[in-house]
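Comments concern the structure below.
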Amino acid sequence: MNLSLCCISNILAEQGHKFRTMTYKSFSSKERSESLEKLSEIIINNFTVSEKIVRHCAANNIQGYRLSSDLTPVIKHPEVMLALEDLPNYNLINKSIEDLSHTIKETGIRVSAHPSEYITLTSDDDVKIKHSLIDLEMHGEIFDRLNLSRSYYNPLNIHIRKEGDAEELSGTFIKNFERLSESVKSRLVLENNDTGNTWTVSNLKKYFYNRHNIPITFDNLHHEMLNHGTSHKDAFFDAFSTWNCAPIFHYSEGKNGTRAHSDMAENLPVHYDKDVLFDVELKNKDYAILDILKRYNEREILTTV
DNA sequence: ACCAGTCAAGGAAGC
DNA sequence: GCTTCCTTGACTGGT
C-alpha cells in the first residue's frame, strides 16, 4: 500500500517542527526591512521543516509527500511581488531548498502539491486569473528548484472550481492554461469535485483528458458525494487510464457522511491491485497513515496464511 | 500557557 | 449588491 502524507506531520509538529506563515496584513504592519527579515526566517523554517518531514516519511514507509502550498507566504501578494532572490539571507534560503532537494532524491519520496483551493483558471475576472497564474508559476519554480521532474510523476493538482456549462468553462480553462509555462503545464492535473454538479471524473476526462491529455486525479470522497451514477470502480479506472505513470489519487473518509474529513480511517483505500499512490487527507495525518499501514499489513498476513 | 478571534482566498447562495 | 459561508492552520492580542 503506497501512501502519501498531506503537508503536515502531526508527529513532528508535536516535537516542535511546525510551519509558519505570514499574512499581508502582518507584512504591511511593520517596517519593510523588519518584515523581510522575518519572512526570510519563515521561508527557511518552512523548507527545513519540509526536509524533516520527507525524512520522517522515508523512515516510516510512507512513499509520498504533498508539499505545503504556503512555503513562501506573501511574496506573490499583488502589493508585495518579490522573488526569493530579493529576500535577506537568500543564500540560506537557497541552502534550505537544496537540502530538501537532496533529501527527496536520497529517499526517493515522490513529491506532489495541491495549489490553493482558491486558484481558478475559469474565472471571468482577468485579475483573478493573473493571481492564479502567478501562484501556479511559484509552485513550478519551487518544483524546478527542487529538481523535481517536469512530468506527472511530480504533479500539481488543482480543481476547476467554477460551475456551469462544461463546454464553455473548459474552453476558458484551456485558454488560460496556455498562458502557463512548461514548468506548470507539464505537471498540472485535475481533480474531481463535488461542490457543484459538473466536475465528476467522467466530465473531467471528456473535456480535459480526451482533448488535451491532462490526467485526472480520483478523489474517493468527492466521488461518493457526486458521481452521476458512476460506480467507484468505473471512476477509479477512468481516472487511472489517464495517467502515463502511477497515479496519485486522494483518499479520505467523511465525518458522519459529510465531506468534512474524519480524524482517522475506518476502511482501507481500494486500489484494485493497481499501482497507485494515495494522498491521505485525514485530520490526524501521519497517525492516520501509520494506522492504515498497520491494518493493511495485518490483513495481508491473514489473507496469505 | 492558553484561549478566542483573525486572516487569506474565489465562488455560490441567500437576502 | 451586499453579506455569509465554505476550509484550515498559524498568527495575534488579551488574560
Side-chain angles (χ1 to χ4, degrees), chain A residues 5-30 34-35 37-50 53 66-81 113-139 156-166 168-170 172-173 176 190-191 193-199 219 221-222 225-226 250 252-263 279-288:
Chain A
L5 176 64
C6 173
C7 308
I8 291 167
S9 159
N10 283 0
I11 293 171
L12 294 187
E14 284 162 12
Q15 296 169 16
H17 305 296
K18 294 180 181 177
F19 290 110
R20 298 177 60 199
T21 191
M22 187 184 243
T23 60
Y24 177 66
K25 193 179 172 78
S26 161
F27 180 88
S28 56
S29 71
K30 298 193 179 70
E34 187 188 337
S35 289
E37 284 290 339
K38 186 177 170 188
L39 179 54
S40 175
E41 284 172 22
I42 287 172
I43 290 171
I44 293 165
N45 170 77
N46 290 349
F47 282 110
T48 305
V49 169
S50 301
I53 296 177
R66 180 199 292 183
L67 280 179
S68 162
S69 283
D70 199 28
L71 293 170
T72 60
V74 304
I75 71 169
K76 296 303 176 189
H77 186 283
E79 302 297 324
V80 182
M81 282 306 286
H114 192 341
S116 162
E117 292 292 309
Y118 293 97
I119 282 178
T120 176
L121 293 180
T122 44
S123 179
D124 297 326
D125 182 345
D126 201 51
V127 173
K128 286 165 184 165
I129 296 289
K130 276 181 180 146
H131 293 165
S132 297
L133 297 175
I134 288 166
D135 194 325
L136 286 169
E137 291 298 342
M138 189 65 212
H139 281 83
L156 297 172
N157 175 79
I158 62 171
H159 292 285
I160 295 294
R161 300 216 61 220
K162 202 168 175 184
E163 291 293 316
D165 182 70
E168 187 184 330
L169 290 171
S170 61
T172 307
F173 180 96
N176 291 315
L190 288 168
E191 178 188 349
N193 209 352
D194 64 71
T195 47
N197 191 39
T198 314
W199 299 113
D219 180 301
L221 186 58
H222 291 315
M225 311 293 285
L226 180 73
H250 295 174
S252 66
E253 295 178 14
K255 207 175 266 180
N256 314 317
T258 69
R259 65 167 63 86
H261 292 154
S262 58
D263 295 342
D279 217 347
V280 178
E281 298 176 320
L282 293 165
K283 287 185 84 79
N284 288 3
K285 304 288 183 181
D286 37 358
Y287 286 115

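What's counted below: heavy atoms across the whole structure, side chains too, no hydrogens, waters or symmetry copies. None of these values were measured; they are calculated from a predicted model.
- The structure places CZ of A/R161 at 7.5 Å from OG1 of A/T195, a figure rounded to the nearest 0.5 Å.
- With salt bridges taken as basic N to acidic carboxylate O contacts below 4.0 Å, one links A/D279 and A/R66.
- Note: CG (A/L71) to C1' (C/dA10) measures 14 Å, nearest angstrom.
- Atom NZ of A/K255 has more than 12 heavy atoms from other residues, nucleotides or ligands within 6.0 Å.
- The separation between A/L39 atom CG and C/dA10 atom C1' is 15 Å, rounded to whole Å.
- Axis angle across the helix from B/dA1-C/dT15 to B/dC15-C/dG1, with five pairs used at each end and values rounded to 10°: 60°.
- In summary, of the residues considered (A/T198, A/D124, A/L121), a side-chain contact (heavy atoms from CB on, under 4.5 Å) with A/K162 occurs for A/D124 alone.
- Under the 4.5 Å side-chain criterion, counting only non-hydrogen atoms from C-beta, A/N45 is not in contact with A/K18.
- As rounded to whole Å, 10 Å separates atom C1' of C/dC11 from atom CE of A/M22.
- Side-chain N/O atoms of A/H114 and A/E117 include a donor and acceptor closer than 3.5 Å.
- For the residue pair A/D135 / A/H131, no side-chain donor-acceptor distance below 3.5 Å is found, with atom types taken as modelled.
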Heavy-atom protein contacts under 4.0 Å, nucleotides 6-15 of chain B, coded B base, S sugar-phosphate only, - none: -SSBBSS---
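- With rounding to whole Å, A/H261 atom NE2 is found 15 Å from C/dC6 atom P.
- Between the C1' atom of C/dT8 and the CZ atom of A/R66 lies a distance of 13 Å, rounded to the nearest Å.
- Taking atom CG on A/N193 and atom P on C/dT7, their separation rounds to 11 Å, with Å as the unit.
- Residues meeting the side-chain contact (heavy atoms from CB on, under 4.5 Å) test with A/D125, sequence neighbours left out: A/S123, A/V127, A/K128.
- Separation of the A/H250 and A/H261 ring centroids does not fall under the 6.0 Å cut-off.
- The distance from atom NZ of A/K283 to atom C1' of C/dA10 is 14 Å, rounded to the nearest whole Å.
- Separating the CG atom of A/D219 from the P atom of C/dT7 is a distance of 14 Å, rounded to the nearest angstrom.
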